[in-house]
Student: 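Have a look at this one before I ask anything.
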Amino acid sequence: MNRVYFGLAALGLLVATPALADALSGETQQQPLNWIAIFMFAAFALLTIGITRWAATRTRTASDFYTAGGGISGFQNGLAIAGDFMSAASFLGISAQIYTDGYDGLIYSVGFLMGWPIISFLIAEKLRNLGRFTFADVASFRFEQAPVRVFAAISTLLIVAFYLIAQMVGAGQLIKLLFGLPYPVAVVLVGVLMIVYVLVGGMTATTWIQISKAVMLLAGASFIAVSVLWQFGFSLDALFARAVEVKTGLAAAAGDPDPTAKGASIMGPGSFIKDPVSAVSFGLALLLGTAGLPHILMRFFTVPDAKEARKSVLWATGWIGYFYILTFVIGFGAIVMVATDGRYQDGTGALLGGVNMAAVHLSHAVGGDLFLGFISAVAFATILAVVAGLTLSGASAVSHDLYSSVWKRGAANSADELRVSRITTLTLGVVAVLLGILFEKQNVAFMVSLAFALAASGNVPALILSLYWKDCTGRGVMVGGLLGLLSAFILTLLSPAVWTTTFGLGDAPFPYSSPAIFSVPIGFIGIWLVSILDRSPKAAAERSRFRDQAVRSETGIGAFGASGH
Amino acid sequence: MTEQETLDRVARDPRYQALVAERSRFAWILSWIVVGLFMAFILTIALDKAALAAPIGDRVATWGIPAGIGLILLAILSIALFTRRANRRWDPAMAEIMADAAGRERQ
């Protein structure tokens, strides 16, 4: 540590000298209670509870609960979708990756965004025209209900579970650091608030909380990015030049044999993608994964018609794209303003609270304690809003797909379905809290990419083939979809991120970073093969219903409308 | 008229068939362009990192930066193009087809 800092000081890179004293005073684990952040968060929590109480008066039927009665506009839904996508993982994770490796973080951003055109051109409108509450409504439209619904519910619950664990563990760590609360308290707090939102306010509350948070996050991130650029006279090149200089200095101080090359390396792709197979595989998982995430697909049922669904994708993509450009500036800003400032580092030269805190520390560097409090509260709010959406999506899979469509064969009444959703919400909330506590010490970074791989390999083949291929059958969707899921799951377990990094079992049997290049074709081919081999009369009936499904998906004839509040 | 009758009538309408063919061709072509450019980007990263790490002229910024930001803009602009065409051209055309299908009943 001393060597690093004195090295930096010698190079003239250390900006804030008083910080040195702080950094030398030893390492900090749990931060002291941050009252400004707690106050800001309390204000946000009050706002969300107000939204939830208002939403409760509008949540009477199953349709209100799952889809906010279908009365959300395209612009509002676009913000809500953007909110779902701008999770703590993408705000903190991507800026952290840019902080560490520079350019590599941009590759992630690009990949995450490229799924949206596909959703826009091929999925969004048809989904809205055919579905009511869940994507399984669409995937099972012309098929025997039970097999497809069971597959969709398994897939949704798996994706939701992994995504939830990642969010919960992230929440616990973040809150411990930002607010000075103990980890289990933080996780329980998130669980309780999230259950209240979903249980009481359903989709209406979840959507408006997501919109409020999206606006705050976009405003906060814009402020950070503009502050950073302002310091460099709005010249990106000056920012890059300074970042390279800082990285070179750090490399020299760490005794790197070629500090100049190391510093310049942040301006180009690094070790993130090594071989072409991993590259295509990773690209495929990001490209298709978004189109299969159940909590995202669910949002297309909250708008009144296909036209608004189409608009919501445009708004969502616009906001998300803008946000990714901001995170790019924020990441480089953190290199310049956080990596050189001892206030933000522990005794070993690592960032206080881990590398994911880069953007949070930067908020302090540009806006002081007050703005740090604001960004901390927004980060907390982000996690809450995302877990609420995930839980609602899991609850709808159980109550709408399993209970109402399979168990009651479509004859469940709205009140019973609503009751099952609420019981499921409560159960999912409790399970999420327990898993969050159980996985506290685990590296859960792989769980988000696993969720994407599962969505790309199971849900996407099921949706695309049921929408576009006449000869597809329900049996094909179930068997092929499950094969896609299973292969994505097993190959991820055998991949380096899990086998080597998480479990420390040595060289991974599956050498590539993402399973998608194998598991996506397994999903598609599985559905195709089982479908063409299915010669049953039932399959013939399913094929004969394709024309009507196609016309409905193109025109919106018979689509479920807004419930008219 | 029942929903099924409207549906059958729409399905037989040659204007409907032409509209759907045009819209779906446009959607698939645009999808493949986006996927193709993204895959080209990803494969360049895997196979020729130096190309993207090359500085633009005497700047610090490299060619990888406009490539990455350009793809982000491509995603937004391609959706904007699709949405505009759908709002201006396909929606009114479809509304006309639907109105005719429903209207013929009354005669």
Side-chain angles (χ1 to χ4, degrees), chain A residues 103 106-107 109-111 113-122 125 236-241 243-244 264-265 267-270 272-280 282-284 286-287 306-307 310-311 313-314 317-318 320-322 324-325 328 468 547-548 550-552 554-558, chain B residues 3-4 6-8 10-11 16 19-20 23-24 26-31 33-35 37-39 41-56 59-65 67-76 78-80 82-84 86-87 91 94 97-98 101:
Chain A
Y103 188 81
L106 185 64
I107 304 174
S109 305
V110 170
L113 205 64
M114 297 319 274
W116 288 103
I118 310 298
I119 295 179
S120 164
F121 308 150
L122 302 179
E125 293 175 49
L236 268 179
D237 221 47
L239 171 65
F240 294 149
V244 169
S265 73
M267 297 309 299
F272 176 45
I273 288 180
K274 294 182 189 75
D275 58 293
V277 176
S278 282
V280 173
F282 164 82
L284 213 54
L286 292 186
L287 197 65
K307 190 183 175 84
R310 181 198 304 147
K311 281 191 206 162
V313 188
L314 180 57
T317 313
I320 299 166
Y322 170 66
Y324 282 153
I325 293 174
F328 189 62
Y468 287 93
R547 192 207 68 165
D548 282 9
V551 176
R552 285 170 191 275
E554 297 282 0
T555 59
I557 291 176
Chain B
E3 197 174 274
Q4 188 61 44
T6 314
L7 201 153
D8 289 336
V10 169
Y16 165 81
L19 171 62
V20 166
R23 185 161 68 182
S24 98
F26 193 81
W28 282 102
I29 289 173
L30 220 48
S31 299
I33 291 174
V34 169
V35 170
L37 287 172
F38 173 59
M39 281 299 165
F41 173 69
I42 285 281
L43 282 172
T44 312
I45 292 169
L47 299 171
D48 189 7
K49 288 187 172 53
L52 291 172
I56 306 172
R59 293 165 192 266
V60 183
T62 53
W63 283 106
I65 300 206
I69 305 283
L71 279 171
I72 290 180
L73 296 179
L74 170 79
I76 300 170
S78 65
I79 297 175
F82 183 83
T83 305
R84 208 173 84 133
N87 288 343
D91 278 2
M94 188 63 89
I97 293 166
M98 301 276 282

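Letters A, B, ... mirror the listed sequences (proteins, then strands); counts begin at 1.
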Student: Just to verify, what does K311(A) make a salt bridge (Lys or Arg N to Asp or Glu O under 4.0 Å) with, not counting sequence neighbours?
Tutor: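 In terms of salt bridge (Lys or Arg N to Asp or Glu O under 4.0 Å), with neighbours along the sequence ignored, K311(A) is linked to E308(A).
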Student: Considering only heavy atoms, which portion of I65(B) lies under 4.5 Å from any heavy atom of chain A: side chain, backbone, both, or neither?
Tutor: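 Both backbone and side chain.
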Student: OG1 of T62(B) to OH of Y103(A): how many Å apart, nearest 0.5 Å?
Tutor: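 Result: 6.5 Å between the selected atoms.
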Student: Would you please name every residue forming a side chain to side chain donor-acceptor pair (under 3.5 Å) with D8(B), sequence neighbours left out?
Tutor: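 Per chain and number, D8(B) pairs via side chain to side chain donor-acceptor pair (under 3.5 Å) with R547(A), Q4(B).
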Student: I'd like to verify something: which residue of I56(B), L73(B), L71(B) has the highest number of heavy-atom pairs under 4.5 Å with chain A?
Tutor: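 Sorted descending by pairs with chain A, the first entry is L71(B).
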Student: Please work out whether the ring planes of F82(B) and F121(A) are parallel, tilted or perpendicular, with thresholds of 30° and 60°.
Tutor: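 Tilted.
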Student: Pick from V313(A), V110(A), L236(A): which one has the most heavy-atom pairs with chain B under 4.5 Å?
Tutor: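 The answer is V110(A).
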Student: Can you tell which of I320(A), I325(A), V551(A) has the highest number of heavy-atom pairs within less than 4.5 Å of chain B?
Tutor: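 Highest number of heavy-atom pairs under 4.5 Å: V551(A).
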Student: Can you tell me which portion of V280(A) sits under 4.5 Å from chain B's heavy atoms? Options are side chain, backbone, both or neither.
Tutor: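 For V280(A), backbone and side chain are both near chain B.
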Student: Mind checking the CG-CE spacing from L52(B) to M267(A)? Nearest 0.5 Å is all I need.
Tutor: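 Output value for this atom pair is 11.5 Å.
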Student: Among S24(B), A51(B), P55(B), A86(B), which residue has the highest count of heavy-atom pairs closer than 4.5 Å to chain A?
Tutor: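 Greatest number of close heavy-atom pairs with chain A: A86(B).
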Student: Can you say whether I42(B) sits under 4.5 Å from chain A via the side chain, the backbone, both, or neither, judging by heavy atoms?
Tutor: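 Both backbone and side chain of I42(B) come within 4.5 Å of chain A.
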Student: Check whether any side-chain N or O of Y324(A) sits under 3.5 Å from a backbone N or O of I72(B) as a donor-acceptor pair, and report yes or no.
Tutor: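 Checked: no pair found.
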Student: Going from OG1 on T555(A) to CG on L7(B), what distance comes out if it is rounded to the nearest 0.5 angstrom?
Tutor: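 The CG atom of L7(B) is 6.0 Å from OG1 of T555(A), to the nearest 0.5 Å.
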Student: Measure distances from V34(B) to the heavy atoms of chain A and classify the residue's part below 4.5 Å as side chain, backbone, both or neither.
Tutor: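 Both parts, backbone and side chain.
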Student: Exactly one of L287(A), L284(A), L113(A) should register a side chain to side chain contact (heavy atoms under 4.5 Å, CB included) with F38(B). Which one does?
Tutor: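 Only one of L287(A), L284(A), L113(A) forms a side chain to side chain contact (heavy atoms under 4.5 Å, CB included) with F38(B), namely L287(A).
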Student: Check whether L314(A) gets within reach of chain B through its side chain, its backbone, both or neither, counting any heavy atom under 4.5 Å.
Tutor: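 For L314(A), the contact with chain B is made by backbone and side chain together.
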Student: With only heavy atoms counted, which part of F41(B) is less than 4.5 Å from chain A, the side chain, the backbone, both or neither?
Tutor: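 For F41(B), side-chain heavy atoms alone lie under 4.5 Å from chain A.
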Student: D548(A) versus chain B, heavy atoms under 4.5 Å apart: side chain, backbone, both or neither?
Tutor: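 Backbone plus side chain of D548(A), per the 4.5 Å heavy-atom cut-off to chain B.
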Student: For chain A, which of L74(B), T44(B), I97(B), L43(B) has the most heavy-atom pairs under 4.5 Å?
Tutor: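 Looking at each of L74(B), T44(B), I97(B), L43(B) in turn, L43(B) comes out on top.
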Student: Looking at W116(A), F328(A), Y468(A), which one has more heavy-atom pairs under 4.5 Å with chain B than the rest?
Tutor: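 Of the options given, most contacts go to Y468(A).
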Student: Could you walk me through whether L19(B) and E554(A) satisfy the side-chain contact (heavy atoms from CB on, under 4.5 Å) test, starting with their C-alpha distance in whole Å, then the side-chain angles of each, then the deciding distance to 0.1 Å, before giving a yes or no?
Tutor: CA-CA 10 Å; L19(B) 171 62; E554(A) 297 282 0; over 6 Å; no
Student: Testing the basics here: between G68(B) and L106(A), what is the closest heavy-atom pair and its distance to 0.1 Å?
Tutor: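 Closest pair (atom of G68(B), atom of L106(A), distance): CA-CD2, 3.9 Å.
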Student: Would you mind checking which part of A238(A) comes under 4.5 Å of any heavy atom in chain B, side chain (CB onward), backbone (N, CA, C, O), both or neither?
Tutor: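 Answer is neither: A238(A) stays 4.5 Å or more from chain B.
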Student: At a 4.5 Å cut-off on heavy atoms, which part of F240(A) comes close to chain B: side chain, backbone, both, or neither?
Tutor: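 The answer is both parts of F240(A).
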Student: So which of S265(A), A243(A), A550(A), G270(A) has the largest heavy-atom pair count under 4.5 angstrom toward chain B?
Tutor: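 It is G270(A).
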Student: Identify the two heavy atoms, one from A46(B) and one from A279(A), that lie closest to each other, and give their separation to 0.1 Å.
Tutor: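 Heavy atoms of A46(B) and A279(A) come nearest at CB-CB, 3.6 Å.
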Student: If we define contacts as heavy-atom pairs under 4.5 Å, which of A67(B), A54(B), A61(B), A53(B) has the most with chain A?
Tutor: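 Max contact count across the listed options: A61(B).
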Student: At their closest point, which heavy atom of A75(B) faces which heavy atom of M114(A), and how far apart are they?
Tutor: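 Shortest heavy-atom separation between A75(B) and M114(A) comes out as CB-SD, 4.1 Å.
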Student: Got a second to check how far K307(A)'s NZ is from M94(B)'s CE, nearest 0.5 Å?
Tutor: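 So the gap between those two atoms works out to 12.5 Å.
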Student: As an exercise, state the distance from OG of S120(A) to CD1 of I76(B), rounded to the nearest 0.5 Å.
Tutor: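 It is 12.5 Å, given to the nearest 0.5 Å.
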Student: Specify which of I107(A), V277(A), L239(A), I119(A) makes the most heavy-atom pairs with chain B at under 4.5 Å.
Tutor: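 Of the options given, most contacts go to I107(A).
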